[in-house]
Novice: 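Structure provided below as structure tokens; questions to follow.
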Amino acid sequence: MGNSNDDAAVDTVSGLQVRAVSVDEVEAWNRALNLGFLRPHAGVAPDLRRRQWQPGRMLAGLDGDRQVATFRSFDVELTVPGGAVVQADAITNVTVSSTHRRRGLLSAMMRRDLASAAERGCAVAILVAAEYGIYGRFGFGPATRGSGWKVDLGRAGGLREGLPGVPGGRIDFATLAELRELGAPLYDRWRLTQPGAIARDDIWWQRRTNEIQVPGDDFKEPFAAVHRDADGEVTGLVVYRVDDKWDGSYPDCTLTVDDFLALDLPTAVELWRLVLSVDWVRKVVVDNLSPDDPLPLLLRDPRAATPHEENSDFMWLRLLDVEAAFGARTYGAPGRVVLEVEDRLGYASGRFAIEVAEDGSGRCTRTTDDADLALGASELGSLYLGCETAPRLAAAALLTELRPGAAAAADLLLRAPLQPWTPTEF
């Protein structure tokens with residue numbers, strides 16, 4: 001493999017080359033990306049890709065002069081239990097053309113990127129896995145889940161009586177420009193309260209509000225509503241779409257929530273009251289909520305909310321600096337656990353002691369003490385934010401208990417008040 005510090009380095013695998021692309025090659029890279037994602041009809045967005053281009057972070061696999069594989073990464077803040085953030089290497093736009101699979105291109109691009117990320121000091125790497133079986137061999141494990149709901153408004157009966165509201169608060173519809181202006185700082189406040197959430201950059205907001213238009217995107221302007229408290233401070237927002245469907249002379253519309261942010265329960269109650277009372281709507285679909293979101297329990301009849309795309313894994317994570325990552329988060333109970341980690345790529349290999357104080361702060365150090373639990377890098381990635389528990393992994397033979405009772409003890413230690421979740425695609 002080439003030197004990850006050298007943007008001009010070329011790696012050779014199976015007679016093919018892997019290297020960083022120049023900004024002048026971005027348009028061809030975008031075409032290769034569309035081909036790899038099975039959408040050759042999609043238009044090219046060179047302006048967007050040039051804005052996303054960073055030296056050494058947009059990779060391609062080449063057969064001669066033809067780009068046949070793509071890979072991009074960028075650094076982003078990831079919230080961990082306790083509200084601290086760690087720097088994450090966010091991997092996206094990974095494709096290999098069907099004509100060049102099984103020739104080592106993905107492995108070469110991944111190894112190059114992870115080496116660079118480790119040198120930059122990233123504690124973890126993250127990605128979204130289109131297929132379950134690909135990324136475990138690189139040390140990634142499922143780290144967040146989504147939870148969706150479908151609410152039958154005829155059965156729900158609205159919200160329960162006595163729920164807290166916001167005296168003097170108000171909700172106003174917002175233009176897309178206002179959504180960008182008001183939504184970005186609101187999200188930056190909210191994301192520090194949710195383990196697993198990642199930062200959203202300007203490009204994310206500009207794409208979501210159609211300021212950046214990408215060929216092939218079927219953008220339809222949504223409804224956007226912003227909640228303010230009595231002092232005029234923005235405390236929540238909801239973005240949704242309504243289809244136009246009628247059953248003869250009777251409205252039978254579905255409202256689909258695309259984004260929902262609330263800094264507190266009273267704000268959430270006010271926003272859900274709006275969503276559940278839109279004229280002509282008979283069903284509300286929420287594709288992606290936190291697994292801990294209490295929405296069904298806010299209804300008069302919680303049975304009116306049925307699972308929709310429930311428990312699907314979303315973000316995957318791998319540890320690059322175990323000591324820094326585990327030292328950044330907080331914990332559920334005082335104690336000590338020693339992990340023996342096997343990592344084929346080496347970044348997380350070794351024996352680590354996690355020691356937690358009474359106040360929930362912890363530190364992670366290498367040790368030669370006897371291990372309590374043995375696991376692989378992928379399973380460590382699933383444990384880190386709390387997506388999985390040690391007893392569940394042990395029950396699935398994905399973690400080995402070397403000391404009786406160690407999995408249950410580790411579960412108490414690693415527990416966090418909120419399950420990890422991110423509403424942000426990348």
Side-chain angles (χ1 to χ4, degrees), residues 75-89 114 117-126 139-141 143-144 191-199 315 317-343 345-394 399-420:
D75 290 351
V76 69
E77 288 185 347
L78 167 72
T79 304
V80 301
V85 297
V86 298
Q87 199 75 2
D89 177 53
L114 293 180
E119 290 173 3
R120 294 193 310 275
C122 291
V124 301
I126 58 175
F140 289 84
T144 72
R191 69 180 171 91
L192 298 180
T193 70
Q194 176 61 60
I198 63 171
M315 186 179 76
L317 181 147
R318 80 104 66 220
L319 278 296
L320 295 173
D321 187 333
V322 176
E323 293 164 282
F326 277 90
R329 59 158 290 179
T330 59
Y331 296 85
R336 185 175 188 268
V337 64
V338 177
L339 307 178
E340 180 77 45
V341 184
E342 180 181 356
D343 182 358
L345 299 185
Y347 298 106
S349 290
R351 193 171 296 175
F352 301 91
I354 300 172
E355 300 175 87
V356 180
E358 291 286 343
D359 65 358
S361 63
R363 68 187 187 112
C364 179
T365 56
R366 289 189 177 271
T367 184
T368 57
D369 294 350
D370 291 342
D372 300 310
L373 302 171
L375 68 165
S378 298
E379 290 68 44
L380 187 68
S382 292
L383 279 181
Y384 175 56
L385 295 176
C387 181
E388 285 291 357
T389 68
R392 180 174 148 95
L393 291 177
L399 174 152
T400 302
E401 192 175 56
L402 303 177
R403 175 177 61 81
D411 183 34
L412 292 175
L413 184 147
L414 292 166
R415 188 168 296 174
L418 290 176
Q419 295 185 65

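Every heavy atom of this structure was used, including side-chain atoms; hydrogens, water molecules and symmetry mates were not.
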Novice: Take Asp370 and Val338 through the test side chain to side chain contact (heavy atoms under 4.5 Å, CB included) and record every step on the way to the result.
Specialist: CA-CA 7 Å; Asp370 291 342; Val338 177; over 6 Å; no

Novice: Walk me through whether Val80 and Val85 qualify under side chain to side chain contact (heavy atoms under 4.5 Å, CB included).
Specialist: CA-CA 6 Å; Val80 301; Val85 297; over 6 Å; no

Novice: I need the minimum non-hydrogen distance between Ala118 and Tyr347, along with the two atoms involved.
Specialist: CB-CE2, 3.7 Å

Novice: Do Cys364 and Val322 come within less than 4.5 Å of each other through their side chains, counting heavy atoms only?
Specialist: yes

Novice: May I have all residue pairs that pass ring pair (Phe, Tyr, Trp, His ring centres under 6.0 Å) and include part of residues 351-372, sequence neighbours excluded?
Specialist: none

Novice: If I compare all heavy atoms of Gly141 with all of Ser382, which pair ends up nearest, and what's the gap?
Specialist: C-OG, 3.5 Å

Novice: Quick one: list whatever passes salt bridge (charged side-chain N to carboxylate O under 4.0 Å, His left out) with Glu355, sequence neighbours left out.
Specialist: Arg336, Arg363

Novice: Which atom pair, heavy atoms only, marks the closest approach of Cys122 to Leu320?
Specialist: O-CB, 3.5 Å

Novice: Would you sort out whether Ile126 and Asp89 count as a side chain to side chain contact (heavy atoms under 4.5 Å, CB included), showing the intermediate values?
Specialist: CA-CA 6 Å; Ile126 58 175; Asp89 177 53; over 6 Å; no

Novice: Suppose we screen for salt bridge (charged side-chain N to carboxylate O under 4.0 Å, His left out). Which residues come up paired with Arg329, at least two apart in sequence or across chains?
Specialist: none

Novice: Kindly write out the residues that satisfy salt bridge (charged side-chain N to carboxylate O under 4.0 Å, His left out) with Glu340, not counting sequence neighbours, or none if the list is empty.
Specialist: Arg351

Novice: Rounded to the nearest 0.5 Å, what separates atom CG in Leu319 from atom OG in Ser349?
Specialist: 11.5 Å

Novice: For Arg392, what residues pass the side chain to side chain contact (heavy atoms under 4.5 Å, CB included) criterion, not counting sequence neighbours?
Specialist: Arg145, Glu388, Thr389

Novice: Just do the side chain to side chain contact (heavy atoms under 4.5 Å, CB included) check on Leu317 and Leu78 with the steps written out, would you?
Specialist: CA-CA 11 Å; Leu317 181 147; Leu78 167 72; 3.8 Å; yes

Novice: Partners of Asp372 by side chain to side chain donor-acceptor pair (under 3.5 Å), sequence neighbours excluded?
Specialist: Arg403

Novice: Using only atom types and a distance under 3.5 Å, with no angle test, would you say the side chain of Thr144 pairs donor to acceptor with the backbone of Met315?
Specialist: yes

Novice: Just verifying a value: how many Å separate Leu339 CG and Leu383 CG, rounded to the nearest 0.5 Å?
Specialist: 7.5 Å

Novice: Is there a side-chain contact between Val124 and Arg318 (heavy atoms, below 4.5 Å)?
Specialist: no

Novice: The criterion is side chain to side chain donor-acceptor pair (under 3.5 Å); which residues satisfy it with Glu323, sequence neighbours excluded?
Specialist: none

Novice: Does Tyr384 have any ring pair (Phe, Tyr, Trp, His ring centres under 6.0 Å) partners at least two apart in sequence or in another chain, and if so, which?
Specialist: Phe326

Novice: Taking side chain to side chain contact (heavy atoms under 4.5 Å, CB included) as the test, write out the residues that go with Thr400, two or more places apart.
Specialist: Ala374, Leu402

Novice: Side-chain donor-acceptor contacts of residues 404-412 below 3.5 Å, not counting sequence neighbours, with atom names and distances?
Specialist:
{"residue": "Asp411", "atom": "OD2", "partner": "Arg415", "partner atom": "NH2", "Å": "2.8"}

Novice: Applying salt bridge (Lys or Arg N to Asp or Glu O under 4.0 Å) as the test, list every pair that has at least one member in residues 376-387; sequence neighbours left out.
Specialist: none

Novice: So which heavy atom on Ala143 is nearest to which on Cys387, and how close?
Specialist: O-CB, 3.2 Å

Novice: Please report the interatomic distance CG(Asp343) to CG(Leu380), rounded to the nearest 0.5 Å.
Specialist: 9.0 Å

Novice: Is the CD atom of Glu342 crowded by more than 12 outside heavy atoms at less than 6.0 Å?
Specialist: no

Novice: Give, for atom CZ of Arg191 and atom OG1 of Thr79, the distance between the pair rounded to the nearest 0.5 Å.
Specialist: 5.5 Å

Novice: Can you see which heavy atom on Leu373 is nearest to which on Leu399, and at what distance?
Specialist: CD2-CD2, 3.7 Å

Novice: Applying salt bridge (charged side-chain N to carboxylate O under 4.0 Å, His left out), name anything that partners Asp359, two or more places apart in sequence or on another chain.
Specialist: none

Novice: To the nearest 0.5 Å, tell me how far Ile354 CD1 sits from Leu414 CG.
Specialist: 5.5 Å

